[in-house]
There are 2 protein chains.
Amino acid sequence: MSEDIYGEGPLKIYWRNPLHSDRRIVVCENPDIDEAVNRLNEAFSEKRVVIVVGSCWVDYRGRASSKLEPGERIVIVKEDGAVLVHRSKGYEPINWQPSGCILQVFKEEDNLVIKAVKRTPHEVVTMFFDRIHFLSTFKLVDEGEFSLYASEEDMQRAILAEPSLIEDGFKPIDYERKVKPGFVDVYGIDRDGRIVVVEIKRRTAGKEAVLQLAKYVETLRRSLGREVRGILAAPEISRDARQLLLSLGLDFRRVDPKKCSELLRRKEERRIVDFFYHP
Amino acid sequence: MSEDIYGEGPLKIYWRNPLHSDRRIVVCENPDIDEAVNRLNEAFSEKRVVIVVGSCWVDYRGRASSKLEPGERIVIVKEDGAVLVHRSKGYEPINWQPSGCILQVFKEEDNLVIKAVKRTPHEVVTMFFDRIHFLSTFKLVDEGEFSLYASEEDMQRAILAEPSLIEDGFKPIDYERKVKPGFVDVYGIDRDGRIVVVEIKRRTAGKEAVLQLAKYVETLRRSLGREVRGILAAPEISRDARQLLLSLGLDFRRVDPKKCSELLRRKEERRIVDFFYHP
DNA sequence: CGTGCCAGGTGCCAT
DNA sequence: ATGGCACTTGGCACG
């Protein structure tokens, strides 16, 4: 029976059963404070993921500080020590601690206290529970790969692979080139041999992007002592950014992140086809 | 017995029991796909909060697109439709949907499919589960107030309440004053009657902050046709931001967000004392 | 470690 | 809807 725990079959749920130390899922409904303390201590020491649903209040002290008055929330503690306090609405946690914090759990005046401490910067999140509706701890097996497409990095790679996305005759020389402080996304020469700086934005470019580009162009113009063109590559440009761009003598080139991602995929497919079917 | 559901006593957990339509917490371990579909449909229609732990893969298409290969994760769906897919590590969800999206749940090829669709921009997150270890749905009662201290807003209020934080003789006239595009944090006159623009940052100010301040100063200088001073108020300023600041003839004033928050608290206490004990 | 910069940023509030 | 901006922004890459 206990062999199933290690097998590939459906996960077993053990109910208030402390005997199987490597069981994968533990669920307690309405545990008392002492039981919760025990469960959490064992979960933290075994780096298990924890979900607590209950009535709590939360203090935070660190770069800023905050106070959350009592209410029912979901608290998640991950195996790397990341802590999330979620209310019933919204994308963002109301309180949190990024990964790498140290966890303590104890009972104090009939409340369950979970303390999450991080240093540099020194920050403390303290959660007080006076009632726990539900507590679950488990190990998640997750080796699945995550791939994101149509990011700014995809745009950069696509431009390097297919420079005509910027303009005909454009030849990239370098990318992520350090300039003063900051990095030029792509750096190259145009069909007339002029130096070109390309600033890439994956969404509508604002004035900030234009100023960033202008800064690089100006810095390079001075250090090289010759003409430098600046091209802003983005799917869209805001009205006043366009105005500023023109007044600074810079260019805009419409580049769509999704098309970049598709272009890369096609190139990759062709590479694979070439590899397998080349005569 | 069913009266307890409405009472103030500990929440009841009903196990695979579809009869109590307003029970507050439902927990299913290892439900089959059909049961999960039913539970989720009822949860979404009743705007219950949902936690699913199981083996899933996730597709996202929208501003960008992403693919998450199979693995065990925690999925949370909140009562406003916010969706979070969390892996075993890290502060951030690996996939998500902000609040306000439309949810569908169905069975497809023996998998549970949860689809979360949002418009403007059109984005779709689709989660496929081939095994559900654990599913819980519930209503969270949460009216607790949240207060954040030592935010930029606290700094602004503190400077308005105690202008000497900027410099002796400084007199604020306005705040959040609209300038061209943008808002001046605090606007006033110094001891010599010169116009002063204050830009506040709650953490180390970088060049961006300096440029922001310079923009306001320049705009006001032109529109008023007279000298305008610019003061950057922040707990710290980065090295090259300081250099830039000096080259632009702007000033820096060290202001600590926590001290601002304490100052406000003291002022508030005094206000209350005055109110109760004034002769 | 600080500094710079991206993010599917999100959220809040303004016109 | 768009714009401007703060955020305990988090995260990464680099000096």
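- One can place CG of B:Leu213 at 12 Å from P of D:dC5, the figure rounded to the nearest angstrom.
- Along DNA chain D, the nucleotide closest to B:Tyr149 and the one closest to A:Thr204 are compared, and the more 5′ of them pairs with A:Thr204.
- More than 12 heavy-atom neighbours from other residues, nucleotides or ligands sit within 6.0 angstrom of CD on A:Glu218.
- Summarising the local packing, OH of B:Tyr91 is surrounded by more than 12 heavy atoms from other residues, nucleotides or ligands at distances under 6.0 Å.
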Check: residues 116-124 of chain B side-chain donor-acceptor pairs under 3.5 Å, at least two apart:
residue, atom, partner, partner atom, Å
B:Glu123, OE1, B:Arg63, NE, 3.2
B:Glu123, OE1, B:Arg63, NH2, 2.9
B:Glu123, OE2, B:Tyr60, OH, 2.4
B:Glu123, OE2, B:Arg63, N, 2.9
B:Glu123, OE2, B:Arg63, NE, 3.2

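- Nucleic acid contact class of B:Gly182 (heavy atoms, under 4.0 Å, all strands): sugar-phosphate only.
- For the pair B:Lys258 and D:dT8, the criterion of a side-chain N or O lying under 4.0 Å from OP1 or OP2 is not met.
- Taking only side-chain nitrogens and oxygens, A:Tyr216 comes nearer than 4.0 Å to OP1 or OP2 of C:dC5.
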- Once each nucleotide of nucleotides 6-15 of chain C is scored for protein heavy atoms under 4.0 Å, what B/S/- sequence comes out, 5' to 3'? SSBBSS----
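- Considering CG of B:Asp251 and CD of B:Glu167, their distance stands at 7.0 Å, rounded to 0.5 Å.
- Within the structure, the side chain to side chain donor-acceptor pair (under 3.5 Å) test picks out the following pairs touching residues 232-250 of chain A (sequence neighbours left out): A:Glu236-A:Arg254, A:Ser238-A:Asp240.
- For A:Glu143, the CD atom is loosely surrounded, since the number of other residues' heavy atoms within 6.0 Å does not exceed 12.
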